[in-house]
> 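This is the structure I have questions about; it appears just below.
In this chain, residues are counted from 1 in sequence order.
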Amino acid sequence: CLEDFLEHLEVEKNRSKKTIVAYRHYLERLRHWLKKDGQIEDLSSEQVRKFRLYLNNFIDEMGEPLTLKTQTYHLIALRSLLRYAIKRDLEVLSPDKIELPKLEPAQVQFLNNEELERLLKNPDTETMGGLRDRAMMELMFSTGLRVSELASLDKKMLSTATGEMRVIGKGRKERIVFISNRAKNWMHTYLAKRQDDNQAALVGYRGKGTTNHPSPKVEAQATRLTPRSIDRIVQ
């Protein structure tokens with residue numbers, strides 16, 4: 001049932017590979033905890049209760065407990081699996097009987113204008129790395145893109161002439177975004193100085209001189225920035 005469910009997410013629901021990998025991870029943890037390849041029809045409310053206790057006391061390989069948010073993701077995946085099973089006419093535990101914990105709303109911190117300008121002007125734009133970082137942060141502030149969307153952006157998806165940008169978001173849904181003149185100008189300057197053949201809108205370099213103007217050899221080996229790399233740069 002689990003394998004059929006994951007194929008259903010991929011083919012019929014058009015979920016991203018990242019989502020499918022996450023659901024597999026959460027549901028395999030449940031299967032491992034059950035210590036057998038049991039039938040989904042046998043899963044009871046009592047077992048779910050004990051599984052929740054298991055998650056609450058779980059310690060990962062880094063010695064850290066699971067956050068309440070991560071525990072909730074396990075239950076969301078299980079409820080989705082049960083809904084799929086019901087559509088397959090299997091007699092299973094009702095997903096409505098699995099209540100999700102109440103999460104505290106995230107505390108959002110805002111930058112004032114002075115702080116924002118200080119952040120945007122921090123990179124040394126005399127270097128390729130700094131020029132990229134300035135253009136990247138201007139683009140993020142202008143559009144509110146998710147970090148994953150920014151990392152997957154290709155050069156051909158952005159027009160620095162019109163300021164239009166094609167973005168592929170969650171569920172592979174596509175949308176058009178318009179960027180500010182500032183972001184457009186910085187991206188134009190950055191892309192015009194790029195010498196590599198990588199199709200990614202934002203790239204990183206490895207090797208000598210990467211913080212300045214990379215050598216042709218280093219620049220030829222440019223690789224797409226990952227979401228984690230972008231997070232580190234902004235931090």
Side-chain angles (χ1 to χ4, degrees), residues 1-109 144-153 167-175 223-232 234-235:
C1 189
L2 173 56
E3 295 302 325
D4 289 347
F5 169 63
L6 295 173
E7 289 178 2
H8 164 75
L9 291 180
E10 180 179 2
V11 177
E12 297 176 37
K13 291 294 187 179
N14 197 29
R15 296 294 178 86
S16 69
K17 290 184 178 180
K18 183 180 288 188
T19 297
I20 294 168
V21 168
Y23 272 45
R24 178 183 291 278
H25 173 71
Y26 299 140
L27 294 170
E28 286 286 4
R29 179 166 280 163
L30 169 62
R31 189 157 69 175
H32 175 75
W33 176 77
L34 290 170
K35 297 179 181 177
K36 61 179 180 178
D37 288 331
Q39 301 299 312
I40 193 170
E41 295 94 332
D42 297 334
L43 190 66
S44 66
S45 295
E46 179 61 15
Q47 284 178 313
V48 173
R49 186 187 70 81
K50 290 181 179 179
F51 180 60
R52 295 181 73 155
L53 285 173
Y54 166 75
L55 293 175
N56 195 54
N57 294 307
F58 186 86
I59 302 296
D60 64 18
E61 58 274 9
M62 303 297 293
E64 297 291 333
L66 296 180
T67 65
L68 186 59
K69 191 173 184 179
T70 300
Q71 294 177 45
T72 302
Y73 287 153
H74 285 74
L75 302 177
I76 290 172
L78 176 56
R79 295 210 309 185
S80 296
L81 174 63
L82 291 171
R83 288 193 187 97
Y84 170 74
I86 290 172
K87 288 182 179 179
R88 292 277 307 273
D89 296 324
L90 299 177
E91 294 185 4
V92 297
L93 178 70
S94 171
D96 295 333
K97 291 187 176 182
I98 302 176
E99 294 186 14
L100 300 180
K102 291 184 178 180
L103 298 174
E104 291 293 327
Q107 298 298 313
V108 180
Q109 292 182 315
L145 290 185
R146 298 180 179 91
V147 176
S148 58
E149 294 171 344
L150 191 63
S152 62
L153 193 68
V167 180
I168 300 176
K170 284 188 175 182
R172 301 174 192 171
K173 293 180 180 178
E174 189 175 303
R175 68 184 189 276
T223 57
R224 181 185 296 273
L225 286 184
T226 64
R228 184 70 187 101
S229 297
I230 294 173
D231 179 61
R232 280 196 296 263
V234 176
Q235 291 292 344

> Around atom OH of Tyr73, are there more than 12 heavy atoms of other residues, nucleotides or ligands at under 6.0 Å?
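Counting neighbours around OH of Tyr73, 12 or fewer heavy atoms of other residues, nucleotides or ligands fall under 6.0 Å, so no.
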> List the steps, then state whether side-chain contact (heavy atoms from CB on, under 4.5 Å) holds for Tyr26 with Leu78.
CA-CA 8 Å; Tyr26 299 140; Leu78 176 56; over 6 Å; no
> How long is the span from the CG atom in Leu43 to the CG atom in Leu82, to the nearest 0.5 Å?
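Here the interatomic distance stands at 6.5 Å.
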> Going from OH on Tyr54 to NE2 on His74, what distance comes out if it is rounded to the nearest 0.5 angstrom?
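Here the rounded value is 8.0 Å.
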> So Leu6 and Tyr23, do their side chains get closer than 4.5 Å, heavy atoms only?
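Result yes, sub-4.5 Å side-chain heavy-atom pair found.
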> Please step through salt bridge (Lys or Arg N to Asp or Glu O under 4.0 Å) for the pair Glu7 and Lys13, ending with a clear verdict.
CA-CA 9 Å; Glu7 289 178 2; Lys13 291 294 187 179; over 6 Å; no
> Is there a side-chain contact between Ser16 and Thr19 (heavy atoms, below 4.5 Å)?
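Side-chain contact under 4.5 Å: yes.
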> If you compare all heavy atoms of Ile168 against all heavy atoms of Glu149, which two are closest, and at what distance to 0.1 Å?
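Closest approach of Ile168 to Glu149: O-CG, 3.8 Å.
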> Give, for atom CD1 of Ile40 and atom CD1 of Ile86, the distance between the pair rounded to the nearest 0.5 Å.
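Spacing of CD1 (Ile40) from CD1 (Ile86) equals 9.0 Å.
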> About how many Å separate CD1 of Ile20 and CZ of Phe5, when rounded to the nearest 0.5 Å?
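Phe5 atom CZ to Ile20 atom CD1 measures 9.5 Å (nearest 0.5 Å).
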> Should we count CD of Glu91 as having more than 12 external heavy atoms under 6.0 Å?
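At most 12 heavy atoms, drawn from other residues, nucleotides or ligands, come within 6.0 Å of this atom.
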> Pair Asp60, Phe58 - check side-chain contact (heavy atoms from CB on, under 4.5 Å), show working.
CA-CA 7 Å; Asp60 64 18; Phe58 186 86; 4.1 Å; yes
> Can you tell if the side chain of Leu93 reaches within under 4.5 Å of the side chain of Ser45, non-hydrogen atoms only?
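Result yes, sub-4.5 Å side-chain heavy-atom pair found.
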> Can you measure from CG (Leu55) to CG (Leu75) and round to the nearest 0.5 angstrom?
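Nearest 0.5 Å value for the CG-CG distance: 6.5 Å.
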> Side chains of Leu66 and Arg29, heavy atoms from C-beta outward: is any pair under 4.5 Å?
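The answer is yes; the side chains approach within 4.5 Å.
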> Is it true that atom CD of Glu99 has more than 12 heavy atoms of other residues, nucleotides or ligands lying nearer than 6.0 Å?
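It does not: Glu99 CD has 12 such atoms or fewer within range.
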> Heavy-atom distance under 4.5 Å between the side chains of Gln71 and Arg52, does that happen here?
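Not touching, per the 4.5 Å side-chain cut-off.
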> Determine the minimum heavy-atom distance between Ala85 and Cys1, stating which atoms define it.
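Answer, listing the atom of Ala85 first, then Cys1: CB-SG, 4.3 Å.
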> Could you go through Arg79 and Asp96, starting from their C-alpha distance and side-chain angles, then the distance that decides it, and tell me whether this counts as salt bridge (Lys or Arg N to Asp or Glu O under 4.0 Å)?
CA-CA 8 Å; Arg79 295 210 309 185; Asp96 295 333; 5.4 Å; no
> Salt bridge check: are Arg24 and Glu3 linked by an N-O gap of less than 4.0 Å?
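Salt bridge: yes.
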> Does some side-chain heavy atom of Leu2 sit less than 4.5 Å from a side-chain heavy atom of Glu28?
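Yes, side chains in contact.
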> Is the shortest side-chain heavy-atom distance between Tyr84 and Asp4 below 4.5 Å?
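A side-chain contact under 4.5 Å exists here.
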> Let me confirm one number: the OG-CZ distance from Ser229 to Arg224, rounded to the nearest 0.5 Å.
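Spacing of OG (Ser229) from CZ (Arg224) equals 12.0 Å.
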